[in-house]
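Quick notes on the structure that follows.
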Amino acid sequence: MNINKILFSNVSNNFKELQSRIYFLLFSILILRVGYFIPIPGIKLFNINILNKYNNSFINFLKLFSNSSFLYASIFILGIMPYISSSIIIQLFTIIIPYFINLKKDGIYGKSKINNYIKYLTLLLSIVQSILLSFLIFKINNNKIIVNKFIFLIVSIFSLVTSTMFLVWLGDQITEKGLGNGISIIIFVNIISNLPNYILNFLKLNNLNFIYFLKLLFIIIFLFFIIYFIVLIEIAQRNILIQYAIKNYQKNNYSFLNSNKTYLPLKINSAGVIPSIFSSSIMIIPSLFFIWLNNNLIFKNWFIFLNLLFPKSLLYLLIYLLLIIFFCFFYTLLVFNPIEISDNLRKTGAYIPNIRPGIFTSNLIKNIVLRLTLFNSIYMCIVCLISDFINEVINLSFSISGTSLLIIVVVIIDLIMQIQTLLISSKYLSILKKTYF
């Protein structure tokens with residue numbers, strides 16, 4: 001009877017946990033949406049539209065992490081971009097600096113320390129970026145500032161830094177108490193909330209005629225197959241057959257459990273959306289130069305060669321694709337260590353049939369991972385160029401980038417899998433309860 005009560009309480013607790021996680025996620029999304037409409041103190045609440053004049057890849061990339069807060073000079077205008085940048089830097093440190101290399105090997109303790117360093121660097125970067133952004137806001141919209149320059153800059157810097165760190169904290173809370181990865185959820189909410197604006201702009205910028213409707217129908221069908229392709233790749237995995245050996249104490253030797261076969265699953269896209277985000281963050285540097293050159297006419301003739309790196313130019317797209325391929329291999333090999341996996345298999349008595357343990361097993365796993373990563377890099381390049389393909393080939397204004405589409409699909413898949421895990425665990429406990437009683 002005590003077991004019955006325990007199982008029943010576990011089932012009800014799992015359902016309550018899922019319910020509380022959903023409520024917490026919805027409450028966090030509400031906080032995000034309210035925060036994006038809170039302006040920086042000292043700015044008039046009407047007709048702001050701070051950085052709309054800079055319609056380039058730099059601002060579009062910032063909008064990916066900060067929603068449409070540029071239109072309202074929101075306190076969330078920086079979003080989580082400093083956190084993304086600091087994550088890139090610390091990840092690079094874990095392969096080139098011995099201290100961080102050793103820290104990465106310390107398991108949970110090392111991971112916790114690395115996360116702390118990421119947050120410290122996030123604070124530093126948010127301070128630097130908020131200073132630059134506050135000066136830029138004051139320069140462009142000084143007629144809309146209702147306080148003097150010094151007070152506005154102090155209040156603006158403090159507001160931007162505090163809001164960025166709050167978003168990082170909220171992302172951790174969503175991961176712990178909500179559903180999915182908190183940082184990914186924040187980016188996901190930013191993209192989804194902009195969809196109505198994307199649709200309205202799409203309708204305004206395109207002529208309504210029969211050819212337009214044919215193109216629109218083609219885009220809908222094309223996006224359906226692209227989303228299906230993304231889902232297929234994201235859930236696909238390469239299974240490597242492994243077997244376990246046990247010791248036969250009667251004959252004092254080892255026998256093999258052929259009936260207890262299992263698999264080592266390797267995801268095709270083990271890097272997630274990181275390569276696309278890293279590449280986009282690096283490619284905003286030429287856009288920063290263009291902004292600076294537009295405000296400094298004297299130096300324009302000195303940097304004519306930068307026109308070759310104008311967004312959507314051939315050289316720009318080529319470098320962007322090469323960066324995606326590089327980060328696919330770099331991040332995959334960073335998070336996936338074939339030697340460590342081979343050692344873990346050997347320690348647990350597992351082996352790959354017809355492959356000797358040790359260096360031979362690690363080489364086999366490494367070759368399989370490299371082939372999967374090559375396919376993944378091609379897949380990432382195709383997805384990231386979707387919007388450019390629609391804009392240039394079909395000649396329609398399409399604002400949703402491939403990175404945004406990839407993030408939407410990946411986050412939804414992650415949410416569905418986490419919900420299914422909680423429901424399956426509840427169903428398993430209910431079946432176990434019926435079995436005993």
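Residues: numbered from 1 along the sequence shown. FYI, side chains are in, hydrogens and waters are out, and symmetry mates aren't considered; it's all heavy atoms of this structure. Treat the numbers as computed from the prediction; the structure is a model and nothing was measured.
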Any residue meeting side-chain contact (heavy atoms from CB on, under 4.5 Å) with [X], in chain and number order, not counting sequence neighbours:
X	value
Ile154	Phe150
Phe360	Ile355, Arg356
Asn115	Lys111, Ile118

With a 4.5 Å cut-off on side-chain heavy atoms, are [Y] and [X] touching?
X	Y	answer
Arg371	Ile368	yes
Phe27	Lys177	no
Asn363	Ile359	yes
Leu153	Phe135	yes
Leu160	Phe76	no
Ser87	Ile84	no
Ile101	Thr94	no
Phe327	Met380	no

Heavy atoms only: give me the nearest [X]-[Y] pair and the separation to one decimal.
X	Y	result
Gly178	Phe24	N-CD2, 3.9 Å
Ser85	Leu125	CB-CD1, 3.8 Å
Ile324	Cys381	CG2-SG, 4.1 Å
Val161	Ile127	CG2-CA, 3.7 Å
Phe152	Ile40	CE1-CG2, 4.2 Å

**Message:** Taking side-chain hydrogen bond (donor to acceptor under 3.5 Å, both in side chains) as the cut-off, I'd like each qualifying pair that reaches into residues 226-239, sequence neighbours left out, listed once.
**Reply:** Glu234-Asn269, Glu234-Tyr379, Gln237-Asn239
**Item:** Of all pairs that satisfy side-chain hydrogen bond (donor to acceptor under 3.5 Å, both in side chains), the ones with a partner from residues 126-138, not counting sequence neighbours
**Value:** Ser134-Ser156
**Message:** Please check: side-chain N/O of Ser112 versus main-chain N/O of Tyr109, any donor-acceptor pairing under 3.5 Å?
**Reply:** no
**Prompt:** Just by modelled atom types, is the Gly358 backbone N or O under 3.5 Å from a matching donor or acceptor in the Ser342 side chain?
**Reply:** yes
**Asked** Has Ile108 got more than 12 heavy atoms of other residues, nucleotides or ligands less than 6.0 Å from its CD1?
**Response** no
**Request:** On the 0 to 90° scale, with breaks at 30° and 60°, tag the Phe100-Phe93 ring pair as parallel, tilted or perpendicular.
**Result:** tilted
**Pairs involving residues 117-136, ordered by first then second residue, that meet salt bridge (charged side-chain N to carboxylate O under 4.0 Å, His left out) (sequence neighbours left out)** = Lys119-Asp172
